[in-house]
Amino acid sequence: MINLKPTLFLPVVLILISLASCKEKKMVKHDSPRDLYPALFEAIQSAGIFEDSKTFPDCTPKGKPDDIIKEYRENKSKPDFNLQDFVEKNFELPDHAGSVYKSDIKRGVEAHINELWKVLQRNPDKYAQYTSLISLPFPYIVPGGRFREIYYWDSYFTMLGLEESGRGDLVESMLNNFAFLIRTYGFIPNGNRTYYLTRSQPPYFSLTLKLLMENKKGKADSVLKANLDVLEKEYHFWMNNGGKKEVATGHVVHLPDGSVMNRYFDAGDWPREEAYNEDVTTAVESKRPKSEVYRDLRSGAESGWDFSSRWFADGRSLPTVRTTAIIPVDLNCLLYHLEQMLAIAYNREGDNRAHKHMLEQARLRKNAILRYCWDRNTGWFRDYDWKEKVQTQSLNLAATYPLYFKIATQGQADSVAQLLNQRFLKPGGLVTTLVNTGQQWDSPNGWAPLQWMAIAGLKNYNKNDLSSEIADRWRRQNIRVFNKTGKLLEKYNVTDTTLIAGGGEYPNQDGFGWTNGVLLKILKMKLE
């Protein structure tokens with residue numbers, strides 16, 4: 001239940017929306033592969049039939065799951081039973097997005113990106129029973145490679161490029177898909193797969209809405225009004241604690257001074273279906289209860305930073321992952337923006353009480369970010385460990401978010417800029433963290449979304465020279481790799497620009513939605 005005390009007021013409409021959402025969720029059938037194929041799913045994933053654990057969850061059955069399970073149970077104990085042959089007989093394997101596309105380096109990187117939009121576009125999905133894909137009603141862009149569905153936070157950075165390509169129609173249709181998802185499930189899942197229905201991703205919907213409003217110009221108010229319920233539902237998803245008074249429930253953390261902040265929190269406590277073997281291995285290597293490890297791994301996936309030393313208790317090894325104990329700088333900055341957008345929407349609706357409430361919530365969150373996440377000693381914004389009541393040791397690029405959302409003071413921005421220049425800026429752009437753990441969201445890797453948050457954030461504080469230098473180094477690294485391979489990749493080695501980025505649970509992917517979007521945005525910025 002939502003507390004309706006004046007200090008925690010939420011519009012009554014939010015309660016009604018929440019109740020309606022619960023009714024909808026009961027009506028929506030969303031069995032995941034783990035639900036559809038009990039025992040068989042675990043057997044296939046454990047056997048390592050596929051190099052990528054995501055392959056089987058994305059397969060399409062050739063028959064009804066009940067019939068496949070029955071056949072499996074009847075034959076699995078026979079001496080000549082071969083599990084791989086059984087899978088190939090009963091399932092169609094998924095394709096890699098864009099796998100047949102051949103690039104023409106001579107045409108240049110901008111022409112390549114504009115062509116890739118066609119390759120990565122998916123038209124409205126036709127409903128396919130018993131698959132993990134959640135059908136979407138409007139066209140959308142997928143990232144590429146193994147990521148053959150829409151992804152939540154990826155899409156905002158992809159949209160930046162679509163906007164520059166004059167594809168405002170796709171920006172709008174992708175936002176409408178997210179609105180459809182949240183109206184159906186009460187939140188925006190990690191991606192449109194049934195096995196992602198236990199978690200979201202960094203809440204960028206308010207930013208995508210702002211982008212669309214800017215593109216619509218004269219129709220901005222109508223766009224905002226049409227999506228007010230979506231903003232409300234997203235806010236409810238992140239702020240709902242079920243009326244419980246514990247320090248931390250779901251995504252909500254209550255701090256001793258009365259501040260309310262947020263964490264990443266996946267509703268599941270079992271191995272991720274798309275990374276089954278990897279999670280089982282990590283849980284075995286950990287000394288903690290497996291259910292805790294699984295939830296922290298899943299919550300790390302909700303953060304989008306799967307995985308990074310910022311989530312590790314020892315700062316080095318994945319088995320010490322403790323995502324749910326950490327209040328992340330970036331998440332709370334994003335929710336600050338969501339609160340601001342709600343305040344704007346209520347003001348335009350003439351709901352003065354709700355408008356003032358959301359302005360106050362944004363003010364309180366900003367103060368909490370500055371109180372709990374600013375470290376004067378290092379001059380950096382750090383994540384906060386609410387269990388240990390200390391800031392974490394990790395220095396990472398989430399510190400640029402307070403600059404992007406204009407939460408930092410000028411002095412704080414000066415300090416962050418200085419440290420970015422001294423320690424994070426490498427030949428190919430900004431490195432994600434300062435440690436090399438073998439995880440993909442650590443050194444020596446750089447990622448398009450974090451480059452953009454830094455580039456735009458620094459401009460907010462008149463750090464134009466550093467902003468341009470980061471943009472230029474990232475642009476040159478992207479083009480250098482493209483000219484050599486004909487590919488735009490998911491991530492880049494920014495420390496040694498002669499090497500391809502690696503680390504993590506899967507190989508570097510080609511495509512790639514957010515790389516295309518940010519690079520095109522930078523290229524256009526250079527022409528201004």
Side-chain angles (χ1 to χ4, degrees), residues 51-54 96-99 103 105 109 112-113 116 120 142-147 151 153-154 157-158 161 202 274-275 278 300-301 303-312 316-318 394-398 400 420 423-455 469-522:
E51 183 178 352
D52 187 346
S53 292
K54 191 176 183 297
H96 272 222
S99 59
S103 58
I105 297 174
V109 72
H112 175 74
I113 292 172
L116 270 179
L120 299 175
V142 302
R146 74 196 289 266
F147 302 110
Y151 280 81
W153 80 307
D154 292 57
F157 300 96
T158 299
E274 76 282 7
E278 292 84 351
S303 79
W305 292 46
D306 44 344
F307 290 99
S308 169
S309 57
R310 72 183 291 204
W311 311 127
F312 303 162
R316 299 184 305 275
S317 55
L318 184 59
S394 174
L395 294 179
N396 61 71
L397 288 186
T400 64
L420 282 172
R423 304 190 65 184
F424 285 83
L425 185 59
K426 305 298 180 183
L430 294 174
V431 71
T432 307
T433 72
L434 301 178
V435 296
N436 189 336
T437 62
Q439 297 299 328
Q440 60 177 352
W441 288 86
D442 278 320
S443 180
N445 291 347
W447 295 77
L450 301 182
Q451 310 298 314
W452 182 252
M453 299 303 285
I455 291 166
E469 184 64 26
I470 294 167
D472 193 53
R473 293 191 189 194
W474 181 254
R475 174 190 62 83
R476 285 189 280 112
Q477 176 63 349
N478 283 198
I479 294 174
R480 181 185 297 115
V481 173
F482 172 73
N483 287 337
K484 186 176 181 180
T485 67
K487 298 178 179 180
L488 288 170
L489 302 175
E490 178 191 20
K491 53 187 177 278
Y492 290 84
N493 186 324
V494 296
T495 300
D496 186 342
T497 58
T498 66
L499 299 177
I500 299 297
E505 299 173 336
Y506 55 85
N508 202 347
Q509 301 295 300
D510 180 26
F512 196 85
W514 63 18
T515 301
N516 305 344
V518 170
L519 177 57
L520 192 53
K521 189 75 174 176
I522 289 172

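Note that these values count all heavy atoms, side chains included, but never hydrogens, waters or copies made by symmetry.
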**Request:** Please step through side chain to side chain contact (heavy atoms under 4.5 Å, CB included) for the pair T400 and L450, ending with a clear verdict.
**Result:** CA-CA 8 Å; T400 64; L450 301 182; 5.7 Å; no
Gap between atom [atom2] of [Y] and atom [atom1] of [X] - 0.5 Å precision:
| X | Y | atom1 | atom2 | result |
| --- | --- | --- | --- | --- |
| R475 | L519 | CZ | CG | 8.5 Å |
| K54 | E278 | NZ | CD | 12.5 Å |
| L434 | L397 | CG | CG | 8.5 Å |
| T158 | L116 | OG1 | CG | 11.0 Å |
| L430 | N396 | CG | CG | 12.0 Å |
| F307 | S317 | CZ | OG | 13.0 Å |

Is there a side-chain contact between [X] and [Y] in this structure, where contact means two heavy atoms from C-beta onward sitting under 4.5 Å apart?
| X | Y | value |
| --- | --- | --- |
| P143 | Q509 | no |
| F157 | K521 | no |
| V109 | N478 | no |
| Q451 | I470 | yes |
| W514 | W452 | no |
| L120 | N516 | yes |
| V481 | I500 | yes |

Looking only at heavy atoms, which two atoms of [X] and [Y] are closest? And how far apart?
| X | Y | value |
| --- | --- | --- |
| I522 | A471 | CG2-O, 3.8 Å |
| N493 | L499 | CB-O, 3.5 Å |
| Y151 | F147 | OH-CD2, 3.4 Å |
| S309 | T437 | CB-CG2, 3.9 Å |
| K487 | D510 | CB-OD1, 3.3 Å |
| E274 | R146 | O-NH2, 4.1 Å |

**Request:** Using modelled atom types only, decide if a donor and an acceptor are shared between the side chain of Q439 and the backbone of D306 within a distance under 3.5 Å.
**Result:**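 Such a contact is absent between Q439 side chain and D306 backbone.
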**Prompt:** Are any side-chain N or O atoms of N436 and backbone N or O atoms of G438, one a donor and one an acceptor, separated by less than 3.5 Å?
**Reply:**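 Yes, because the side chain of N436 sits within donor-acceptor range (under 3.5 Å) of the backbone of G438.
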**Item:** Contacts of S308 that satisfy side chain to side chain contact (heavy atoms under 4.5 Å, CB included) - sequence neighbours left out
**Value:**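 W305, R310, W311, T433, W441, D442.
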**Request:** Count the heavy atoms belonging to other residues, nucleotides or ligands that lie under 6.0 Å from CZ of R423, then report whether that count exceeds 12.
**Result:**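 No.
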**Item:** Exceeds 12 heavy-atom contacts within 6.0 angstrom, atom NZ of K426
**Value:**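 More than 12 heavy atoms, drawn from other residues, nucleotides or ligands, come within 6.0 Å of this atom.
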**Request:** Quick one: do W474 and V494 satisfy side chain to side chain contact (heavy atoms under 4.5 Å, CB included)? Show the steps, please.
**Result:** CA-CA 8 Å; W474 181 254; V494 296; 3.9 Å; yes
**Request:** Begin from the C-alpha positions of V142 and D154 and carry the test side chain to side chain contact (heavy atoms under 4.5 Å, CB included) through to its verdict.
**Result:** CA-CA 9 Å; V142 302; D154 292 57; over 6 Å; no
